[in-house]
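Take a look at the structure below.
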Amino acid sequence: MTVRTRFAPSPTGYLHIGGARTALYCWLESRHRGGEFILRIEDTDRERSTDAAVQAILDGMRWLDLGHDEGPYYQTLRMERYRQVAEDLVRAGKAYYAYETKEELEAMRSQQMAANVKPRYNGAYRDRAEPLRDDPNRVIRFKNPTAGSVVFNDKVKGRIEWSNEELDDLVIFRSDGFPTYNFAVVVDDIDMKITDVIRGDDHVNNTPRQINIYNALGAAAPAFAHLPMILGPDGQKLSKRHGAVSVMQYRDDGFLPHAVLNYLVRLGWSHGDQEIFSRREMIDLFDVADVNVSAARFDVEKLSWLNQQYLKNDDPAELVPHFLWHLDAAGYDVASGPAPADVIVALRDRARTLKEMAEKAAVWYGPIREWDDAAVAKHLKSATAVPALKAVHARLAAVAEWNVENVHKAIEAAAAAIGEGMGKVAQPLRVAMTGTQVSPSIDHTVFLAGQSRAVARVEEALKRIGE
RNA sequence: GCUCCCUUCGUCUAGUGGCCCAGGACACCGCCCUCUCAAGGCGGGAACACGAGUUCGAACCUCGUAGGGAGCGCCA
């Protein structure tokens, strides 16, 4: 049987980091086992579902490059199917119509809460064989078994047993003609031949009742794997305040999609001491059964470190499109400056994100906007600054082929000419190039400026000193 | 309240009865390298929630306690 997993978000917001990890694990499990990955949009909550959210989820999946083999299916397009299955269940005596008002149910609940018992529907209509009648409160409830227990072997949590006495007759079909979540998922997962349900562990509580529905429908239950949740840095549930932001926010913040994936795959799963995983390795090594049972905190520091690992080790050419996105976002005139790939090489040891890299690249895509007074005072006003700059000016102007090596030689020669070490030339030059005393290695810093701009900036600096 | 789940360095984790007075990674600190800042190299501090039990032997098995989380909807 072909392994089929599915990611089934409800479109009530963007794709957040937790959803992204669930999607990743579903995707990996299907890829690892040579199966298929299905995307399903659970949009039966008409109040909260929006088209914009559907689009946001699709965008997030595309950015992460988690392609699906089927779908997206939309539950709202399957309404007839749910109705039909629910009515079949009533006809088979496995479900029944009930007519309580929401107020009556609410009263029942609060009474039970007050009596310190778990609130459950009392099954008033269960055996009444109430005829079908028009009523604004008419719902269909599932006849949950009253005895025995449901046992399932969760692939991450292990064996879980649930007494049927804890369960009540849940509504499977609402009075407004929409199916409820617990019913629609089961119908969908059966129809879509899902073999492995991988989802957040906030669903373990739903699993026993869903298994009962599978049984009533005469279908075999799939394998279940419930993923622990991702917590914020403070150990609290992820909220908008600290990280439950859209995965697209991570793009905006300068992270590479693969770094995010790598971070996510290691959050709750591991393969020995390995930290870096290529897509291929993830697919080959991942097994949902190896996922950890407990919740993990989200740590941007480690994500940043991983991101820099990719910045440092990936082929710069492959990073260019991502970097261009940030250069554009920063509003630079890219054509006026150095080749982005060269900038990446110069900055990849110094930036953890593409955004940071773009910020540091500003001096090569436009004029120096700000002069650091301390830098000027220390390195431009020093005794050796003027001779150093003059010496390097002549040699830079004379470079025949403008590349990092030749720039380096020119600077070395200038230092030798005035009988000083590299530092005495590099620091004033650095300030002349950037207005600051911090930048990549001096040869790259000068090279990236381009020959005419580099020479002009040395002249500008000399003028600034008053020479 | 009830039911279910969870608990190894600050964080992510390795560990499935002896290889563990617990290993790796991020972060932190120190040293080295050095044209600045990084990156890199080397080194350091830092954890088995607690208590019983089983066993020759327990981070690993059992029970209890404490702490944390989730669910208990005509939301998903």
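Letters go in sequence order (proteins before strands), and every chain restarts at 1.
Residue A:Ser441 places none of its side-chain N or O atoms closer than 4.0 Å to OP1 or OP2 of B:C37. One finds a side-chain N or O of A:Asn292 lying less than 4.0 angstrom from the OP1 or OP2 phosphate oxygen of B:U13.
Across all strands shown, A:Arg348 has no heavy atoms under 4.0 Å from either base or sugar-phosphate atoms. Here A:Arg199 lies out of heavy-atom contact (under 4.0 Å) with every strand. Within 4.0 Å (heavy atoms only), A:Val139 reaches at least one base atom of the nucleic acid. Contacts of A:Glu42 with the nucleic acid, taken as non-hydrogen atoms under 4.0 Å apart, involve only primed sugar atoms and P, OP1 or OP2. Nucleic acid contact class of A:Ser175 (heavy atoms, under 4.0 Å, all strands): base. Among the protein residues, A:Ile411 comes within range of no part of the nucleic acid, since none of its heavy atoms lies under 4.0 Å from any strand. Residue contacts shown for A:His379 are absent, as no nucleic acid heavy atom lies under 4.0 Å away. A:Glu100 comes within 4.0 angstrom of a base, heavy atoms only. Using a 4.0 Å heavy-atom distance criterion, A:Lys424 is classed as making no nucleic acid contact.
Applying the Watson-Crick and G-U wobble criteria (two distances, each under 3.5 Å), B:A76 pairs with nothing in any strand. With a cut-off of 3.5 Å on both Watson-Crick or G-U wobble distances, the partner of B:C48 is given as none. The nucleotide B:U36 finds no pairing partner, because no Watson-Crick or G-U wobble arrangement with both distances shorter than 3.5 Å includes it. Remark: B:C56 base-pairs with B:G18. Criterion, Watson-Crick or G-U wobble with two distances under 3.5 Å.
Residue side chain A:Asp273 reaches the base of B:G23 through a donor-acceptor N/O pair under 3.5 Å, judged by distance alone. Judged by distance alone with a 3.5 Å cut-off, no donor-acceptor contact links the side chain of A:Glu106 to the base of B:G73. Residue-to-nucleotide contacts include no donor-acceptor pair under 3.5 Å from the side chain of A:Arg297 to the base of B:U11.
Residues A:Gly235 and A:Arg352 both approach RNA chain B. Their nearest nucleotides, taken by heavy-atom distance, put A:Arg352 toward the 5′ side. Position along RNA chain B of the nearest nucleotide to A:Pro179 versus A:Trp269 favours A:Trp269 as the more 5'-ward residue.
The gap from the C1' atom of B:A14 to that of B:A52 amounts to 28 Å, rounded to the nearest Å.
For A:Tyr250 and A:His16, the ring centers sit 6.0 Å or farther from each other. Here the two rings, on A:Tyr263 and A:Phe255, have centers that are 6.0 Å apart or farther.
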